[in-house]
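The analysis underlying the following values was restricted to heavy atoms, covering all of them including side chains, and did not include hydrogens, waters or symmetry mates.
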Amino acid sequence: MTKFRKLNRPTGHRMSMLRTMVSQLVKHERIETTVAKAKEIRRLADNMVQLGKEGSLCAARHAAAFVRGDDVIHKLFTELAYRYNPMCYRDRAGGYTRLLRTRIRVGDAAPMAYIEFIDRENELRQSKPPTPQPPQRPSLDPWTRSRLSRQFAPPKEEKSSESEI
């Protein structure tokens, strides 16, 4: 079983707050909150985008049971699902959100952070380009490998058989 941050709130209040914050994140695509809340929102928002990418009726019902608002569900299953779609050029297997620490809140010195979706307009920080995969070398059987090593190896120096006597 996975561990959740309790955020010093009872279960009903905590789940209600997280549902509202995930809905607002999907709606506005960037919100500012405390770092601990943002780390919890990240987990839940990534799950919602995953449901949007799946696109089935079952996924839509699971998402509708969690997020608030029909416009949020519509955005999850159309805009965000298309943005992170495997058929699109920006295929992502996860990590749809970014957490950027911003400041220390004046009233209680809580560390604040922006949480935003990646690959969107007006990002606070641009995404890193994907690292290219090195080309795969075909596996060679031992005989071919030994022939290739002889081909590219420097020639051996032959020792003279006449040694000093």
Side-chain angles (χ1 to χ4, degrees), residues 1-140:
M1 180 138 180
T2 59
K3 299 282 277 183
F4 290 99
R5 289 174 179 83
K6 294 191 177 178
L7 301 173
N8 203 19
R9 286 170 171 78
T11 306
H13 183 195
R14 179 176 62 246
M15 289 310 294
S16 176
M17 178 192 65
L18 291 174
R19 288 175 60 192
T20 302
M21 292 182 92
V22 168
S23 300
Q24 292 300 310
L25 176 64
V26 171
K27 187 175 183 178
H28 300 291
E29 298 194 9
R30 179 192 308 149
I31 57 173
E32 185 180 24
T33 182
T34 62
V35 173
K37 289 178 193 170
K39 287 179 180 178
E40 277 303 305
I41 293 168
R42 173 195 289 177
R43 298 170 65 191
L44 299 169
D46 283 356
N47 287 342
M48 292 297 114
V49 173
Q50 201 65 31
L51 289 174
K53 281 175 65 174
E54 188 178 329
S56 65
L57 178 63
C58 181
R61 287 180 175 162
H62 279 290
F66 189 79
V67 296
R68 296 185 169 154
D70 293 336
D71 55 340
V72 174
I73 295 168
H74 180 72
K75 187 170 184 177
L76 264 176
F77 282 83
T78 54
E79 185 179 333
L80 294 179
Y82 175 74
R83 187 185 301 170
Y84 303 116
N85 189 0
M87 304 307 262
C88 188
Y89 66 97
R90 298 181 203 167
D91 179 23
R92 281 195 179 273
Y96 308 108
T97 53
R98 171 186 302 130
L99 191 115
L100 298 169
R101 294 169 188 259
T102 55
R103 61 188 173 97
I104 302 295
R105 191 161 55 193
V106 174
D108 57 355
M112 300 295 285
Y114 279 115
I115 181 167
E116 68 175 359
F117 281 112
I118 294 177
D119 295 333
R120 68 181 195 92
E121 296 82 25
N122 300 325
E123 287 183 296
L124 293 176
R125 189 181 71 194
Q126 293 298 319
S127 301
K128 295 176 184 172
T131 57
Q133 296 294 326
Q136 293 290 331
R137 295 187 345 195
S139 61
L140 301 174

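Using a 4.5 Å heavy-atom cutoff, the side chains of Asp71 and His74 are not in contact. Two residues are said to be in side-chain contact when any heavy atoms from C-beta on lie closer than 4.5 Å; Ser16 and Arg68 meet this criterion. For the pair Arg14/Glu40, no side-chain contact is recorded, criterion being any heavy-atom separation below 4.5 Å from C-beta on. Between Glu54 and Leu51, some side-chain heavy-atom pair lies under the 4.5 Å cut-off. In this structure the side chain of Glu29 reaches within 4.5 angstrom of the side chain of Glu79, judged on heavy atoms.
Rounding to the nearest 0.5 Å places NZ of Lys39 at 11.5 Å from CG of Leu7. A distance of 10.0 Å separates NE2 of His62 from CG of Leu57, quoted to the nearest 0.5 Å. With rounding to the nearest 0.5 angstrom, the OG1 atom of Thr33 is 12.0 Å from the CD atom of Gln24.
With hydrogens and angles left out, the side-chain atoms of Gln50 and Tyr84 include no donor and acceptor closer than 3.5 Å.
Paired with Tyr96 under the rule side-chain hydrogen bond (donor to acceptor under 3.5 Å, both in side chains), one option of Lys53, Glu116, Arg83 passes, and it is Lys53. The side chain to side chain contact (heavy atoms under 4.5 Å, CB included) with Ile41 is formed by just one residue from the set Leu99, Val22, Thr97; it is Val22.
Here the closest non-hydrogen pair linking Ala81 and Gly52 is CB-O, 3.2 Å. For the residue pair Ala113 and Val35, the shortest heavy atom distance occurs at CB-CG2, 3.8 Å. Heavy atoms only, all atoms of each residue included: Leu25 and Ala45 are closest at CD2-CB, 3.7 Å. Taking every heavy atom of both residues into account, Val49 and Phe117 meet most closely at CG2-CE2, 3.6 Å. For Ala38 against Ile115, the heavy-atom pair with the smallest separation is O-CD1, 3.5 Å. Scanning both residues, Thr34 and Ala110, for their nearest heavy atoms gives CG2-CB, 4.2 Å.
With sequence neighbours left out, Arg61 forms a salt bridge (Lys or Arg N to Asp or Glu O under 4.0 Å) with no residue at all.
Annotation for Arg9: atom CZ counts as buried by contact number, over 12 foreign heavy atoms lying within 6.0 Å. The neighbour count for Asp108 CG, taken as heavy atoms of other residues, nucleotides or ligands under 6.0 Å away, is above 12.
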(Q) side-chain contact (heavy atoms from CB on, under 4.5 Å), that's the test. Do Lys27 and Lys75 meet it? Break it down for me. (A) CA-CA 8 Å; Lys27 187 175 183 178; Lys75 187 170 184 177; 5.7 Å; no
Q) How far apart are the C-alpha atoms of Ile104 and Met112, what are their side-chain angles, what is the distance that settles it, and do they pass the side-chain contact (heavy atoms from CB on, under 4.5 Å) test? A) CA-CA 6 Å; Ile104 302 295; Met112 300 295 285; over 6 Å; no
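Using a 4.0 Å cut-off between a side-chain N of Lys or Arg and a carboxylate O of Asp or Glu, Glu32 and Arg105 do not qualify as a salt bridge.
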